[in-house]
Amino acid sequence: PVAWESDSDTDLCTGNAVTPNFALSGIALGSTLLAPSGGAAASLAVSRYDHVASASATQTVSQSLSEVGVFRLTATPPTYLGVTMPASQSAPVGRITPYDFYLSGGALTPACNADFSYMDQPFGVTYTLTARNSSGATTTNYTGSFAKGTTALVAENGDDGVDRSSRLSTISASWSKGIQSVSAAPVTFSRLAETTPDGPFSSLAVGVSVAANDTLSAALTNADMNPATAGTCTTCTAGKLGTQRLLAGRLNAGSARGAPESAQVVPLQLEYWSGTAWTRNTADSCSQLMLGNSGGFLFDRTWNASTRTLTLANSASSVLGLSASRDASGTASATAQSGYLWLHFSAPGVNDRVHYQVGLAAQSPASSWLRYDWNGDGTAAQDESGGWVFFNRWRGSDRIIYRREAW
């Protein structure tokens, strides 16, 4: 409480004499939101106080607000000796920031049957981050441009302490009323050059970290991983969303030979880098290929994608199909089974040979994660796996006693 100084006095906090004999009960305390515009009002831990006389005339009230933002604090006294005194207000207080961030609902959605994803293949990331006050309630004013917290994805394999976060793509997520919600956002883990593949990563953990970017930096209160340290983290910097298998993959298109009167079946094998060699990925029962879209398959003969007809020598033709089975004739598209797809050629009845390539960039969806630098010249972005199909009669060496086909 301070005394009157002059009618033109606009700052009661400077130069006014204090009145130590003043005492009054039931002084209402409140707040007025200044920013963010349109935000929610804050509730106060102390909504009133009783002022008692003291030699210093000063009384301290421990106060807290339920919301983030910039506020003016107000004190409104009741009638004093029949006189209505004006309310007073503080200078702007804040920026008040969240007490902490809380991670919930974390999950990964592998690209292939909840089993694995290929490097460079999008997989799903899901989580919810909540900006909270010290009571655990959501601070809804932490929204839009007023929310300065940024998130980043982190990764390590088998808790080995090797930080692989730089190989994860970024996500763009905004804050709305104190919550950042991400649902199955597509994320990729980049592969190394084809000449130096790595993996497999049998237990790649992906987490999310939060940088508050405020003077009073709030913590991710339930952080449980640190990609740069092995074992249980003592200084945890991120919250784990889940784990999955990550494989370096490629498509290996085969070749076939047979009589003109015979249909030919060509293997298309899905492979992964085992750590020492390229191996058929028997877990791949989800990769898809299409014949019917332009550019999805490339031939050195006239090709009609809509009818799946290939024109060969003497105007003869062969109808093509894709199948997950070597025995089925195939259709315009197929899904791999145990790491195999099969490309079927009907018998053309003429001698000819066909070179083909699988146009991974033109597949729907594009399957660029199955590309491989077959030429070894660093041009994997242009290289497509391909092979030959021969329609002719041929005789092998008489010195061969036994021959068989092996797939």
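Ion pairing between Asp198 and Arg167 holds under the 4.0 Å rule for side-chain N and carboxylate O. The existence of a salt bridge linking Asp120 and Arg371 is excluded, since no basic side-chain nitrogen approaches an acidic carboxylate oxygen closer than 4.0 Å. In summary, Asp224 and Lys240 do not engage in a salt bridge, as defined by a charged side-chain N under 4.0 Å from a carboxylate O.
Side-chain contact between Val125 and Leu108 is present, with at least one heavy-atom pair separated by less than 4.5 Å. With a 4.5 Å cut-off on side-chain heavy atoms, Ser37 and Phe146 do not count as touching. Side-chain atoms of Arg280 and Ser338, non-hydrogen and from C-beta on, do get closer than 4.5 Å to each other. Using a 4.5 Å cut-off on side-chain heavy atoms (C-beta onward), Phe391 and Val350 make no contact. Considering only heavy atoms from C-beta on, Pro92 comes within 4.5 Å of Arg72 through its side chain. At a threshold of 4.5 Å between non-hydrogen side-chain atoms, the residues Ser31 and Leu65 count as touching. Between Thr237 and Val154 the shortest side-chain heavy-atom distance does not fall below 4.5 Å. No side-chain heavy atom of Leu360 sits less than 4.5 Å from a side-chain heavy atom of Ser368.
Geometrically, Arg353 engages Trp388 in a cation-pi contact defined by less than 6.0 Å to the ring centre and at most 45° from the axis. Remark: Arg308 is not positioned above the aromatic ring of Phe297, lacking an NZ or CZ atom under 6.0 angstrom from the ring centre and at most 45 degrees off the axis.
Under the 3.5 Å distance criterion, the side-chain polar atoms of Asn141 are left unmatched by any main-chain donor or acceptor of Gly39. The main-chain N or O of Val162 is found under 3.5 Å from a side-chain atom of Asp160 such that the two form a donor-acceptor pair. A donor-acceptor contact shorter than 3.5 Å is absent between the side chain of Ser135 and the backbone of Ala137. A donor-acceptor contact shorter than 3.5 Å links the side chain of Ser385 to the backbone of Ala253. The closest donor-acceptor contact from the side chain of Asn226 to the backbone of Thr235 lies under 3.5 Å. No donor-acceptor distance shorter than 3.5 angstrom exists from the side chain of Ser255 to the backbone of Gly387, with no hydrogens or angles considered. For the pair Gln363 (side chain) and Gly296 (backbone), a donor-acceptor distance under 3.5 Å is present. When atom types are taken as modelled, the side chain of Ser318 and the backbone of Leu310 share no donor-acceptor pair closer than 3.5 angstrom. A donor-acceptor contact shorter than 3.5 Å is absent between the side chain of Arg250 and the backbone of Asp373. With hydrogens and angles ignored, the 3.5 Å screen pairs a side-chain donor or acceptor of Ser66 with a backbone N or O of Ser43.
Atoms CG and CG, from Leu343 and Leu322 in turn, are 5.5 Å apart once rounded to the nearest 0.5 Å. Note that the OG atom of Ser190 and the CG atom of Leu246 stand 10.0 Å from one another [nearest 0.5 Å]. The OG1 atom of Thr279 sits 13.0 Å away from the CG atom of Leu270 when rounded to the nearest 0.5 Å. Distance check, rounded to the nearest 0.5 Å: CD of Glu271 to CG of Asp284 gives 11.0 Å. The distance from atom CG of Asp352 to atom CG of Leu312, rounded to the nearest 0.5 Å, is 5.0 Å. Note that OH of Tyr142 and NZ of Lys148 are 8.5 Å apart. Values are rounded to the nearest 0.5 Å.
Contact record, Asn222 with Leu103: ND2-O, 2.8 Å, taken as the closest heavy-atom pair. For the residue pair Trp374 and Leu251, the shortest heavy atom distance occurs at CZ2-O, 3.3 Å. Closest of all the heavy-atom pairs between Val18 and Ala57 is CB-CB, 3.8 Å. When all heavy atoms are compared, the tightest approach of Ser287 to Leu370 is OG-CD1, 4.3 Å. Closest approach of Ala316 and Pro348 over heavy atoms only: CB-O, 3.7 Å. Closest approach of Val52 and Gln59 over heavy atoms only: N-OE1, 3.2 Å.
Classification of the Tyr356-Phe299 ring pair by plane angle, with boundaries at 30° and 60°, yields tilted.
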Which is it for Phe101 and Gln180 under the side-chain contact (heavy atoms from CB on, under 4.5 Å) test, yes or no, and what are the steps along the way? CA-CA 10 Å; Phe101 297 100; Gln180 185 182 104; over 6 Å; no
Show your working on side-chain contact (heavy atoms from CB on, under 4.5 Å) between Trp303 and Leu298 and close with a plain yes or no. CA-CA 8 Å; Trp303 165 245; Leu298 308 171; over 6 Å; no
Under the side chain to side chain donor-acceptor pair (under 3.5 Å) criterion, do Ser325 and Ser323 qualify, and how do the steps go? CA-CA 5 Å; Ser325 168; Ser323 172; 4.8 Å; no
Pair Glu67-Thr140, side chain to side chain donor-acceptor pair (under 3.5 Å): steps then yes or no: CA-CA 7 Å; Glu67 269 293 350; Thr140 59; 2.8 Å; yes
Begin with the C-alpha distance, continue with both residues' side-chain angles, and end with the deciding distance and a verdict on side chain to side chain donor-acceptor pair (under 3.5 Å) for Gln89 and Thr32. CA-CA 9 Å; Gln89 61 182 14; Thr32 301; 5.5 Å; no
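Checked against a 6.0 Å centroid threshold, the rings of Trp278 and Tyr372 count as neighbours. Residues Phe22 and Tyr80 bring their aromatic ring centres within 6.0 Å.
The local environment of CZ in Phe123 is crowded, with over 12 non-hydrogen atoms from other residues, nucleotides or ligands closer than 6.0 Å.
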